[in-house]
Protein chains: 2
Amino acid sequence: MTSHVPHPVRTARTPRAPRAPRSDACDNRARILDAARAVFGEQGLGAPMREVARHAEVGPATLYRHFPTKQALLAETFAEQRRACHGAVRDALADEDPWDGFRSLIERICELHAHSRGFADAFMTAFPEAMDFAADRERTLLAVRELARRAQETGRLRPGFVVDDLILMLMAHRGLQDAPRAARVQASRRFAAYVIEAFGATEGEAEARTPLPPAPRLRLSQPPSSP
Amino acid sequence: MTSHVPHPVRTARTPRAPRAPRSDACDNRARILDAARAVFGEQGLGAPMREVARHAEVGPATLYRHFPTKQALLAETFAEQRRACHGAVRDALADEDPWDGFRSLIERICELHAHSRGFADAFMTAFPEAMDFAADRERTLLAVRELARRAQETGRLRPGFVVDDLILMLMAHRGLQDAPRAARVQASRRFAAYVIEAFGATEGEAEARTPLPPAPRLRLSQPPSSP
DNA sequence: AACGTAACGGACGCTCCCGTCCGTTTGGCT
DNA sequence: AGCCAAACGGACGGGAGCGTCCGTTACGTT
């Protein structure tokens with residue numbers, strides 16, 4: 001059953017009467033999203049919904065009215081940073097030097113993930129298929145693949161590199177989120193620098209390096225759950 | 001009140017009568033530890049105690065009698081792998097080529113962590129000070145520092161390296177534990193290979209590389225908790 | 001100013017997990 | 001064989017988190 005239908009019938013054929021939301025509702029919605037960014041960014045996805053509610057100075061029911069489930073809230077919360085990620089890829093592709101673009105892509109994504117603990121989780125774990133992350137993730141990965149191809153052509157990106165290596169490093173980067181808050185950003189930056197060096201080709205000898213072990217197929221990971 | 005004192009007084013001065021444990025008790029204890037290794041290794045530290053109990057075919061009470069708390073069980077469960085970690089450091093120090101030792105150390109630690117999801121968590125998060133991880137961790141880190149110093153003297157380990165970089169990479173490696181089980185070991189190996197390359201010095205120019213951003217001080221991280 | 005309803009929030013039910021209690025079983029010693 | 005305590009395990013209490021119900025508040029429209 002769909003609750004109790006607040007408005008009787010809405011005058012014959014009115015497709016939907018959005019009836020602009022009330023001012024306090026808008027206000028609360030905005031404050032909830034701010035709080036969610038702060039709380040999930042600080043404590044990770046495990047933070048309780050009530051923590052967000054308290055931080056936004058609303059009751060739990062209000063929170064759940066605006067966002068029917070936790071995942072719905074998370075999706076909205078990180079939409080902006082998701083766009084920033086796409087933007088980073090777009091900028092990297094636009095860079096006239098593909099290797100510079102590649103490097104700055106790694107730096108920017110790491111920075112984005114480092115600034116919000118929850119975003120790294122949400123971005124990587126890609127849980128149940130909620131949040132349409134998965135969808136545009138594939139699209140984005142295709143763009144990254146193109147970028148990598150170009151960077152390899154310049155000889156600056158090592159030949160053995162595959163896109164799964166980027167995912168590998170982003171998953172690994174997620175592990176840094178458990179570092180004490182003070183060290184997080186610094187750790188992220190140093191990690192990014194090391195990663196870039198590892199991905200770079202050695203100047204002189206393009207092939208003489210010890211070969212890497214085979215790359216795993218990563219793409220989507222599922223959250224810990226069992227029958 | 002200490003329950004109801006099963007044995008009246010134990011004949012004057014008997015310091016302790018260990019009275020060898022019963023056979024079924026030994027048996028259960030062993031099965032519990034096996035189950036714990038399997039369950040925590042597969043599902044991580046978050047796995048419920050009852051899951052371990054079910055897997056060991058004992059009741060929850062039996063489990064808690066043998067190991068009064070979850071952390072106690074975890075400490076015992078991973079004691080062996082902890083020893084293996086120390087062994088890896090010892091072997092690395094014993095290697096006549098410090099750089100080879102350093103490389104194999106990274107490979108072995110990564111392998112150890114990759115084979116047991118729970119161990120990586122237990123090893124890195126180092127929660128509340130339970131499990132005496134913290135104690136010998138410091139001792140081990142000192143040994144690693146010595147190893148690194150020697151490896152740097154040979155010119156194979158880059159000059160900018162500090163021990164915190166190893167911790168950084170181990171924390172990062174922990175992020176790989178969320179990969180699908182099938183890909184985990186492969187991912188770990190490839191990651192280790194990349195890390196080794198990143199830590200290596202470039203043959204010709206020992207100094208001309210772009211400098212790394214400053215290293216964060218990591219050492220101990222605390223689990224997510226706030227006042 | 002007065003009214004109808006969107007919006008609010010405290011209190012509740014539900015599930016999951018840790019750790020404990022107590023009546024029952026069983027190993028091992030005589 | 002018989003005894004007794006060591007060991008077992010089902011059932012319980014307590015706490016935390018997600019999502020919902022319903023009486024109350026206050027926005028905005030007339």
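What you see is a predicted model, and the numbers here were worked out from it, not measured in a lab.
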With sequence neighbours left out, what residues match [X] under side chain to side chain contact (heavy atoms under 4.5 Å, CB included)?
X	answer
A/Ala172	A/Phe191, B/Ala172, B/Leu176, B/Phe191
B/Arg108	B/Ala88, B/Asp91
B/Ala30	none
A/Val185	A/His115, A/Arg189

Figure out the [atom1]/[atom2] separation between [X] and [N], and round it to whole Å.
X	N	atom1	atom2	answer
A/Ile32	C/dC8	CD1	C1'	11 Å
B/Phe67	C/dT20	CZ	P	15 Å
A/Arg31	C/dA7	CZ	C1'	13 Å
A/Asp27	D/dG28	CG	P	11 Å

Looking at every strand, decide which applies to A/Ala72 at a 4.0 Å heavy-atom threshold: base, sugar-phosphate, or nothing.
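Contact class for A/Ala72: none.
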Is there a donor-acceptor contact under 3.5 Å from the side chain of A/Thr69 to the main chain of A/Ala72?
no
For the helix from C/dA1-D/dT30 to C/dT30-D/dA1, measure the angle between the helix axis at one end and the axis at the other, each built from five pairs, rounding to 10°.
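Both end axes considered, the difference amounts to 10°.
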Residues which pass side-chain hydrogen bond (donor to acceptor under 3.5 Å, both in side chains) with B/Arg37, listed by chain and number, not counting sequence neighbours
B/Asp34
Without placing hydrogens or testing angles, list every side-chain donor-acceptor pair under 3.5 Å for residues 54-68 of chain B, not counting sequence neighbours.
from	atom 1	to	atom 2	distance (Å)
B/Arg54	NH2	B/Glu51	OE1	3.1

State whether [X] places a side-chain N or O below 4.0 Å from either non-bridging phosphate oxygen (OP1 or OP2) of [N].
X	N	answer
B/Ser23	C/dG27	no
A/Thr62	C/dG9	yes
A/His66	C/dA7	no

What's the closest nucleotide to the A/Asn28 side chain, out of C/dC8, C/dC18, D/dA7?
C/dC8
Pairing residues for B/Phe40 by the ring-ring contact (aromatic ring centres under 6.0 Å, His included) criterion, not counting sequence neighbours:
none
Are a donor atom and an acceptor atom from the side chains of B/Ser188 and B/His113 found within less than 3.5 Å of each other?
no
Expected string for nucleotides 19-26 of chain D under the B/S/- scheme (protein heavy atoms, under 4.0 Å, primed atoms plus P, OP1, OP2 as sugar-phosphate) is BBB-----
